[in-house]
Amino acid sequence: MERRAYDVFSKATREVGITVIPGHFATRHSHVNYCVDMTSVKSQLNASKASAKLFADALNATPVDTIITLDRMKMVGAFLAQYLSNTYINKGQNIGVISPEISNDKLLLRDNFLPYVKGKRVMLLTASATTGKDVKSVVEGITYYGGYPVAVATVFGGNFDCEVPLFKLFGIEDVPDYTSYSPVDCPLCRQGVKVDAVVNSYGYSKII
């Protein structure tokens, strides 16, 4: 499967890239015809730092008190907090970075995390947001807990309506024929094409 993989780099810097694998993949909410691997962005110092800088450049006029990170994006979140604290609007701000639980697709904040959200300006940082389902749920959760959602930032994102400004490093236009289907309407399944791998925020597990 990996022999089919190819890299797509940011137009701004080749330090930031994603690996794209064509095939038939099952995610938590859908079936897709590409696996988008963002391990380098999440795990490598230079790629994480460069990604954070791109987000910070886009968000430099956005006031932020707390960054909620999903999909193992906490290293990028830490760099982003540092960059944002140097912008004029967040100068010297001690920005929080938290990775709360998601339970039954809903944001769950324990008591120790509530002070980071209630009454705070909160942005969401995630690796992938193709359908927008998780993003919308977390944005609703921020409001439910008394926070003020100010932005969403994602490495790879689809085209969907969002209540707050959405910033993407890569979009589905960077993978020209990328398509997402509900599992019951997947044409690949109907054609008898086997699922290559199950994909989640930790990566992919091949199905033999």
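Note that the numbering runs from 1 along the sequence shown for the chain.
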Could you go through the side chain to side chain contact (heavy atoms under 4.5 Å, CB included) check for Tyr178 and Val20 one step at a time? CA-CA 10 Å; Tyr178 180 94; Val20 178; over 6 Å; no
Output yes when a side-chain donor or acceptor of [X] lies under 3.5 Å from a complementary backbone atom of [Y], and no otherwise.
| X | Y | answer |
| --- | --- | --- |
| Thr13 | Val16 | no |
| Asn33 | Thr179 | yes |
| Asn90 | Val64 | yes |
| His31 | Tyr181 | no |

Which atom of [X] lies closest to which atom of [Y], heavy atoms considered:
| X | Y | answer |
| --- | --- | --- |
| Lys74 | Ser99 | CD-OG, 3.5 Å |
| Ser103 | Leu108 | CB-CD2, 4.2 Å |
| Ala127 | Thr154 | O-OG1, 3.2 Å |
| Ser40 | Gly17 | OG-O, 3.4 Å |
| Asp134 | Arg28 | OD2-NH2, 2.9 Å |
| Thr62 | Ala151 | CG2-CB, 4.4 Å |

Should [X] and [Y] be regarded as members of a common hydrophobic cluster, given that ILVMFWY residues are connected when their side-chain heavy atoms come within less than 4.5 Å of each other, either directly or indirectly?
| X | Y | answer |
| --- | --- | --- |
| Leu188 | Val195 | no |
| Leu125 | Leu70 | no |
| Ile102 | Phe113 | yes |
| Tyr204 | Val198 | no |
| Leu166 | Ile172 | no |

Are any non-hydrogen side-chain atoms of [X] and [Y] less than 4.5 angstrom apart?
| X | Y | value |
| --- | --- | --- |
| Ile95 | Gln82 | no |
| Met73 | Ser201 | no |
| Val135 | Phe160 | yes |
| Val76 | Thr69 | no |

Does a salt bridge link Arg14 with Asp7, judged by any charged N lying under 4.0 Å from a carboxylate O? no
Check Lys168 with Asp174, please: is the shortest side-chain N to carboxylate O separation under 4.0 Å? no
From [atom1] ([X]) to [atom2] ([Y]), nearest 0.5 Å:
| X | Y | atom1 | atom2 | result |
| --- | --- | --- | --- | --- |
| Ile68 | Met123 | CD1 | CE | 10.0 Å |
| Ile67 | Leu84 | CD1 | CG | 5.5 Å |
| Ile89 | Thr87 | CD1 | OG1 | 7.0 Å |
| Leu80 | Ser48 | CG | OG | 11.5 Å |
| Lys133 | Asp105 | NZ | CG | 5.5 Å |

Take a 6.0 Å sphere around NZ of Lys194 and say whether it holds more than 12 heavy atoms from other residues, nucleotides or ligands. yes
Heavy-atom count around Asp185 CG within 6.0 Å, excluding the residue itself: above 12?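 Correct, the count exceeds 12.
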Ser10: side-chain hydrogen bond (donor to acceptor under 3.5 Å, both in side chains) partners, not counting sequence neighbours: none
Taking only residues two or more places apart in sequence or in another chain, which ones pass side-chain hydrogen bond (donor to acceptor under 3.5 Å, both in side chains) with Asn46?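 Asn46 satisfies side-chain hydrogen bond (donor to acceptor under 3.5 Å, both in side chains) with no other residue.
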Please tabulate, for the side chains in residues 139-146, all donor-acceptor contacts under 3.5 angstrom to protein atoms that are two or more places apart in sequence or on a different chain.
from	atom 1	to	atom 2	distance (Å)
Thr143	OG1	Val139	O	3.3
Tyr145	OH	Leu109	N	3.2

Of [options], which meets side chain to side chain contact (heavy atoms under 4.5 Å, CB included) against [X]?
| X | options | value |
| --- | --- | --- |
| Thr66 | Leu124, Val150, Val97, Ile98 | Ile98 |
| His24 | Ile207, Val32, Val193 | Val193 |
| Ile18 | Tyr6, Phe156, Phe9 | Phe156 |

Pairs meeting criterion side-chain hydrogen bond (donor to acceptor under 3.5 Å, both in side chains) with involvement of residues 106-130, two or more places apart: Asp65-Arg121, Asp71-Thr126, Glu101-Arg110
Regarding Tyr34 and Asp177, do their side chains bring together a donor and an acceptor under 3.5 Å, going by distance alone? yes
Other members of the hydrophobic cluster containing Tyr148, with the 4.5 Å side-chain heavy-atom rule, please. none
Using a 3.5 Å cut-off and no angle test, enumerate the donor-acceptor pairs between side-chain atoms of residues 49-57 and protein atoms at least two apart in sequence or in another chain.
from	atom 1	to	atom 2	distance (Å)
Ser51	OG	Ala47	O	2.8
Lys53	NZ	Asp57	OD1	2.8
Lys53	NZ	Asp57	OD2	3.3

